[in-house]
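Note that this is a predicted model, so its numbers are computed, not measured. Letters A, B, ... are given to chains in the order of the sequence lines, protein chains preceding strands, and every chain is numbered from 1.
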Amino acid sequence: MFDITRTLYQFKMIVIAAILVLLGQKVGYGFPVMDAIPGIIVFIVVCMLSLIIRDLTPKIPLPAFAWAALIGLIITAPFMPTAPILNPLFKKIHFLGTTTPILAFAGISVGNRIDELKRTGWKLVLVAFAVFTGTFFGSALVAQLVLKIQGLI
Amino acid sequence: MIEERTEKEILKTSGRLPVFARLLGTVVVIIIVTELIGIHKIPLGPGAVLLLPMLYAVVIGILITPDVLGKPIAALRKLIGKKEIELAGPMVMLTLLPLGTKLGTLIGPKIMKIVEAGPAFFLQELGNLGTIFLALPIALALGLKREAVGATVSICREPTLGVIAEKYGISSPEGTGTLGTFLTGTILGTIFYGILASFSVFTGLHPYALAMACGIGSASMMTASSGALSMAVSPEMKDTVLAYAAISQLLTSVTGMYSVIFIALPLNNFLYNKLIPFFSKKKSGKEVSHV
């Protein structure tokens, strides 16, 4: 459900997330902060739109992440008039720079579950690794086959 | 799993500024340190493992929590405690959004190329069932019983957890199995996939096929695997690899739960019933320990 107070709280944190992206890509890849400002402002707008759309469409089971990607896709698609303006701005945002903050928070957020995992037992952990490997290579093999048949690779 | 406080309460800054300051300050330090360490390639056997800043970040994040280094170090417990961990949860969801946007902007310009590869995208979703054929026999060989059905039905993210909890109950053997894969994925998933994907280019499978495989159904695991893969392939393929992975992830997040309910779970139960006599016979006379 849409809740304006929560949306405002989220806005503050999205701005902070944007700053973290700028920090990471400056330190890691030497991307100048000033060059990335216009692009990151559009990013903040897209992120907020994705949260608001998710809140307004409780019947559609899509996470905000999917909405953000969908909006990003639409505004940069070749047939959109926005594409030639926005694409150069988005080139100033480094992909890997957006990933480090996520995983830093992700690592901390699971901190209180390590003991839980220890209690799970090594057999289930081993099985989980087999699950991860199976799902990855299962998809890769099917994709390889279909792309080959289509003559795309 | 029970959320004691709502996202709104957790994100409220007034009166809680020290919690925000401690968590965000810590993450700033983690970002600076991990980005300064930078990308490293470690040769291993026939391939190489690619270590990205995000991989160090998740490891450092886990290490500094009260369950690990916080246990012996009291000062660390003060820095990252219960409240900071609680805040980190919604922060993952929110920091995923700039990444989602970035991925969208990588997909947009390539949308025609992606439509062309449409059949591969849809069919490789079925490849996610590959987990059953590989992991179920392994689970049974390890002596698991009904836990195996829950553990190997998918990578067991929240939608699967919901399905299994509703059908069998979360404290059932099936639920125990699902929780095991869920927990392992939550804590070790990104690390595992980051390493697996950087190694996968040496299998001879095409980078685009591997890219589609990165859409596993968890945004952070997709990030770890596609990030590593994109750095392991030739630079002109990089953006396409990220775009393919993101599209596949979106498809999986839409189809995943239905695939578990209508295909994976019935198939897993069918195979379990076919395979279990064989494994029970093999293990006969020996007491098989349950998890």
Side-chain angles (χ1 to χ4, degrees), chain A residues 6 9 13-14 17 21 23-24 27-28 43 46-47 50 64-66 68-69 72-73 76-77 90 93 95-96 98-112 114-117 120-121 123-125 127-128 130-132 134-140 142-144 146-147 152-153, chain B residues 8 11 27 30-32 35 53-54 57-58 61-62 65 67 85 88-89 91-92 94-105 107-109 111 119-120 123-124 127-128 130-131 134-135 138-139 142 151-152 180-181 183-184 186-187 192 205-206 209-210 212-213 219-220 223 227 250 291:
Chain A
R6 189 181 57 185
Y9 293 158
M13 292 304 125
I14 288 289
V21 170
L23 171 76
V27 178
F43 263 52
V46 173
C47 294
S50 69
F65 175 80
L73 184 170
T76 55
F90 295 151
I93 315 281
F95 165 76
L96 286 178
T98 63
T99 61
T100 318
I102 305 169
L103 290 203
F105 284 117
I108 294 170
S109 75
V110 299
N112 51 359
I114 313 284
D115 285 341
E116 233 178 299
L117 181 69
T120 297
K123 279 183 187 174
L124 279 178
V125 174
V127 169
V131 168
F132 300 154
T135 194
F136 186 86
F137 285 110
S139 292
V142 176
Q144 174 90 8
V146 180
L147 287 171
L152 291 175
I153 53 171
Chain B
K8 186 177 167 183
L11 288 179
V27 168
I30 293 178
I31 291 172
I32 294 175
E35 293 290 0
M54 62 169 131
V58 74
I62 292 172
T65 56
D67 271 13
I85 291 177
M91 287 309 290
V92 174
L94 292 172
T95 47
L96 267 168
L97 299 180
L99 168 75
T101 312
K102 177 66 193 176
L103 289 170
T105 66
I107 299 166
I111 191 68
L123 289 169
Q124 62 84 30
N128 287 333
T131 162
L134 180 72
I138 291 177
L142 285 170
T152 64
T181 303
L183 272 174
T184 310
T186 304
I187 295 162
F192 183 86
L205 290 164
H206 194 279
L210 294 168
M212 290 185 185
S220 54
T223 308
L250 292 183
V291 182

**Complete:** Sorted by chain and residue number, the side chain to side chain contact (heavy atoms under 4.5 Å, CB included) partners of A:S109 (sequence neighbours excluded) come out as B:A88, B:V92
**Fill in**
Counting heavy-atom pairs under 4.5 angstrom with chain A, the leader among B:T101, B:V27, B:L96, B:I62 is B:T101
**Prompt:** Between A:L117 and chain B, which part of the residue has a heavy atom less than 4.5 Å away: side chain, backbone, both or neither?
**Reply:** both
**Prompt:** So which part of B:I30 gets closer than 4.5 Å to some heavy atom of chain A, the side chain, the backbone, both or neither?
**Reply:** side chain
**Asked** Any idea which of A:L73, A:N112, A:I14 has the most non-hydrogen atom pairs under 4.5 angstrom with chain B?
**Response** A:L73
**Complete:** Note: vs chain B, highest number of non-hydrogen pairs under 4.5 angstrom among A:I93, A:V146, A:L96, A:I108 is A:I108
**Message:** Out of A:A106, A:S50, A:P101, A:A17, return the one with the most heavy atom pairs under 4.5 angstrom to chain B.
**Reply:** A:P101
**Asked** When only pairs under 4.5 Å are counted, which of A:V110, A:V142, A:V131 shares the most heavy-atom pairs with chain B?
**Response** A:V131
**Complete:** Ranked by heavy-atom pairs below 4.5 Å to chain B, first place among A:V21, A:T135, A:T98, A:I153 goes to A:T135
**Asked** Given that the side chain runs from C-beta out, which part of B:L250 has a heavy atom under 4.5 Å from chain A: side chain, backbone, both or neither?
**Response** side chain
**Fill in**
Value for OG1 (B:T105) from CZ (A:F90), rounded to nearest 0.5 Å, stands at 6.0 Å
**Message:** Is there a side-chain contact (heavy atoms from CB on, under 4.5 Å) between B:T152 and B:T181? Walk through the geometry before answering.
**Reply:** CA-CA 8 Å; B:T152 64; B:T181 303; over 6 Å; no
**Prompt:** Which residues pass the ring pair (Phe, Tyr, Trp, His ring centres under 6.0 Å) test with B:F192, sequence neighbours left out?
**Reply:** A:F129, A:F132
**Fill in**
CG (B:D67) and CD (A:E116) are apart, to the nearest 0.5 Å, by 9.0 Å
**Asked** What option among B:A219, B:G180, B:G227, B:A120 has the most heavy-atom pairs under 4.5 Å with chain A?
**Response** B:A120
**Prompt:** Which value, rounded to the nearest 0.5 Å, describes the distance between A:L147 atom CG and B:H206 atom NE2?
**Reply:** 8.0 Å
**B:G108 versus A:T76, closest heavy-atom pair with distance** = CA-OG1, 3.2 Å
**Item:** chain B contact via A:L152 - which portion, at a heavy-atom distance below 4.5 Å
**Value:** side chain
**Asked** What residue, out of A:A69, A:A128, A:A130, has the most heavy-atom pairs lying under 4.5 Å from chain B?
**Response** A:A69
**Prompt:** Heavy-atom distance under 4.5 Å to chain A: side chain of B:L210, backbone, both or neither?
**Reply:** both
**Item:** Closest-packed option against chain A by number of heavy-atom pairs under 4.5 Å, given B:L97, B:I111, B:T65, B:L134
**Value:** B:L97
**Prompt:** In Å and rounded to the nearest 0.5 Å, what is the OG1 to CG distance from A:T120 to B:L183?
**Reply:** 5.0 Å
**Item:** Among the listed options B:T184, B:I32, B:T186, the residue most often paired with chain A at heavy-atom distances under 4.5 Å
**Value:** B:T184
**Request:** Kindly indicate, with the supporting measurements, whether the criterion side-chain contact (heavy atoms from CB on, under 4.5 Å) is fulfilled by A:T99 and A:L103.
**Result:** CA-CA 7 Å; A:T99 61; A:L103 290 203; 5.7 Å; no
**Request:** Give, for atom CZ of A:F105 and atom OG of B:S220, the distance between the pair rounded to the nearest 0.5 Å.
**Result:** 14.0 Å
**Fill in**
Counting heavy-atom pairs under 4.5 angstrom with chain A, the leader among B:L123, B:T223, B:I107, B:L103 is B:L123
